[in-house]
Participant: 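This is the structure, below, for whatever I ask next.
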Amino acid sequence: MEPAAESGTFQSLPAMFFARAARWADRPRYRVHRDDAWTEVDWRTMEQSVREIAAGLVSLGIERGDRIAIFAATSPEWVEIDLAIQAAGGVTIPIYHSNLASEAGFILLDSESRMVWVDGDKTVTKVREALASGVELEGGVAPLRLDRILVLHGEAVGAEDTLGVAELRRRGRDDRAAQEEVQRRVAALRRDHLATIVYTSGTTGAPKGVVQTQGNHLAMIENTAALGVVREGEVDFFFLPLAHSFARMIAYYGLYVGSVTAFARSIDTLSQDIAATKPNVIPAVPRIYEKIHARIHATRDAGSALTQKIFDWALEVGKQRSTYQQAGESVPLWIQVQNVVARKLVFERVQHLLGGNVRVMISGASPIAREILEFFHAFELLILEGYGLTETTPALTINRADDYKFGTVGKPIPGCQITIAPDGEIFARGPNVALGYYKRPHETAEAWDDNGWFHTGDIGEFDSEGFLRITDRKKDLIKTSGGKYVAPQKIENLLKTQPHISQAIVIGNNRKYCTALISLDEDSARSFRERHGIGPGERLDRNPEVLQLVEAEVADVNRKLASFETIKFFRVLPAELSEAAGELTPSLKIKRKVVEARYGDLIEEMYG
Ligand SMILES: Nc1ncnc2c1ncn2[C@@H]1O[C@H](COP(=O)(O)OP(=O)(O)OP(=O)(O)O)[C@@H](O)[C@H]1O
Ligand SMILES: [Mg+2]
């Protein structure tokens, strides 16, 4: 191993990975559920997969700079293939597993991918659909062409243009020249070479391809390693889509520091998988924490009067303890004593839901309500919020376990400069800021200025201690017809933490007052149905008692708002907003424009 590599000056992610694999060869690299049991795979085995796949790709004729897409759910193979593509000199194009045929087709075409990896019937069908129908663009339908479809698990069956990973690896194993070529290509990789083009979440419109270099990623993990977000030997837990920059960063981070990554089987088995793998670190998005929060509340409501009392008492004790800890003050002895009892009676059960070994949880991708952070912290579960964008590969700020403030996104990560423009927009500069948008010179010029500042489109401010607070997206700020500015994010977060409210969208741009569309939390809706004997066929969105409950919760929120911010009317949506209905991004953010258009009638009712 080169000494330069050991001192942290890697030139590429594959070079970093191979150096780490040589160092930690026999140690476990990941935990995965295979053939009905959890097993561990060591670094050496993972390295062999990466080398064989890379050689197989070269053997197939992949040239330096070729784009290869991965259209698959999160799995160990995803990470191996990503590294193999880069080791073969290629550029990885991630596509969300949940993307529709049209969305995947757009990314394949826009990125000029030569090949695509798929992980099963669903994704292969979507690719075939896109190949058959072409991709709809503004100027008409463009044909999509691919050299190959590669299948990530096992053998491919049927069509001539598909190849399974097993066969590809055999080819790689048998082709010495390809293996040597991989060595040469890895050695030739430099920090300014393209590693991947990552498409943004598509919250505000069509996704844009962000051009990220090897150096962007290396800078991110090198600069954050000292913060100890993930530590050597710890288990980090993976279920977030690797097509999102946040999960990808944690994946590379784990390789760099030597964590053991546990892969969930699926979202449906999340709770069993967490319990089985007992992670130390869990990265997740706010929607997941909101769901757990709602579930804990629903469980409390379903309990006896006595258990409810005990729960409420323990939560109160935990909140008091948390308040002292947040202020950095020592916890008074009498609270410490009560806290020990509360831990035994309640906290440990909640912690047990998360495997019992959690050191920290991380939240990013969208804002999380302070109430949720305080709720978890009461149970001695620390969630550290971070902030970033695909364009900044991706982190800009993060709270640290020994230096955090709820309600803020933390302090800038080392090496990253942040400044606030006169109108409040957050600008960022640093080695992790990507080069620009792929084939979009106009949008690139709008967001990257001549002084090297990237304009995030988010509004925020630093407090006196240097913690950044995000107000909202600049374009989402509401200007009422009275001329007042309202930040919907703050109000939506207050609404979402109410027990019966799952999601909320505040409306009011160019209107006299603010209103909200609200969806009911599924868990609390279920227990409401049980308590009132209402069948699943009967709708709740117009049920007078439900409306009364929500009305009271909206009134509760209104008390915390200035009068021009208050919600004058609301409507309950027929169902929770979902990704399947195209209302949420794969990172579970609300596509505001889609929802406002879909429920235009309900909105107009409130301004009638
Ligand atoms: N902790 C946070 N608090 C508030 N907002 C956040 C946080 N983390 C991320 N964000 C929001 O997410 C955005 C970055 O997300 P991402 O790059 O995944 O795509 P997107 O901006 O949601 O989608 P698109 O750019 O396609 O509209 C940021 O600009 C910011 O608005
Ligand atoms: Mg964006």
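Hydrogens, waters and symmetry mates play no part in the numbers below; they use all other heavy atoms, side chains included. Note that ligands are numbered from 1 as they come in the structure, with each ligand's atoms numbered from 1 the same way.
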Participant: Are the aromatic rings of W448 and Y437 close, with centres under 6.0 Å apart?
Facilitator: yes

Participant: According to ring pair (Phe, Tyr, Trp, His ring centres under 6.0 Å), does anything in residues 403-423 pair up with another residue at least two apart or in another chain? List the pairs.
Facilitator: H377-Y404, H377-F406, Y404-F406

Participant: Please determine if R592 and D476 form a salt bridge, counting it only when a charged side-chain N lies under 4.0 Å from a carboxylate O.
Facilitator: yes

Participant: Measure and list all N/O to N/O distances between ligand 1 and the protein that fall under 3.5 angstrom.
Facilitator:
from	atom 1	to	atom 2	distance (Å)
ligand 1	1 (N)	E385	OE2	2.9
ligand 1	1 (N)	G386	O	2.8
ligand 1	8 (N)	A365	N	3.4
ligand 1	10 (N)	A365	O	3.3
ligand 1	12 (O)	A365	O	3.2
ligand 1	12 (O)	K589	NZ	3.0
ligand 1	15 (O)	K589	NZ	2.7
ligand 1	17 (O)	T390	N	3.0
ligand 1	17 (O)	T390	OG1	2.6
ligand 1	18 (O)	S201	OG	2.6
ligand 1	18 (O)	H244	NE2	3.1
ligand 1	18 (O)	K589	NZ	3.3
ligand 1	19 (O)	S201	N	3.3
ligand 1	19 (O)	S201	OG	3.4
ligand 1	21 (O)	R473	NH1	2.9
ligand 1	21 (O)	R473	NH2	3.4
ligand 1	22 (O)	T203	OG1	2.4
ligand 1	22 (O)	R473	NH2	2.8
ligand 1	22 (O)	K589	NZ	2.8
ligand 1	23 (O)	G202	N	3.3
ligand 1	23 (O)	T203	N	3.2
ligand 1	23 (O)	T203	OG1	3.3
ligand 1	26 (O)	T200	OG1	2.7
ligand 1	26 (O)	G202	N	2.7
ligand 1	27 (O)	T203	N	3.3
ligand 1	27 (O)	T204	N	2.8
ligand 1	27 (O)	T204	OG1	2.4
ligand 1	29 (O)	D458	OD1	3.3
ligand 1	29 (O)	D458	OD2	2.7
ligand 1	31 (O)	D458	OD1	2.6
ligand 1	31 (O)	D458	OD2	3.4
ligand 1	31 (O)	R473	NE	3.4

Participant: Are K405 and E385 ion-paired here, with the side-chain N under 4.0 Å from a carboxylate O?
Facilitator: no

Participant: Identify, with sequence neighbours excluded, every residue that meets ring pair (Phe, Tyr, Trp, His ring centres under 6.0 Å) alongside Y30.
Facilitator: F263

Participant: Got a sec, which residues hit side chain to side chain contact (heavy atoms under 4.5 Å, CB included) with A294, two or more places apart in sequence or on another chain?
Facilitator: D521

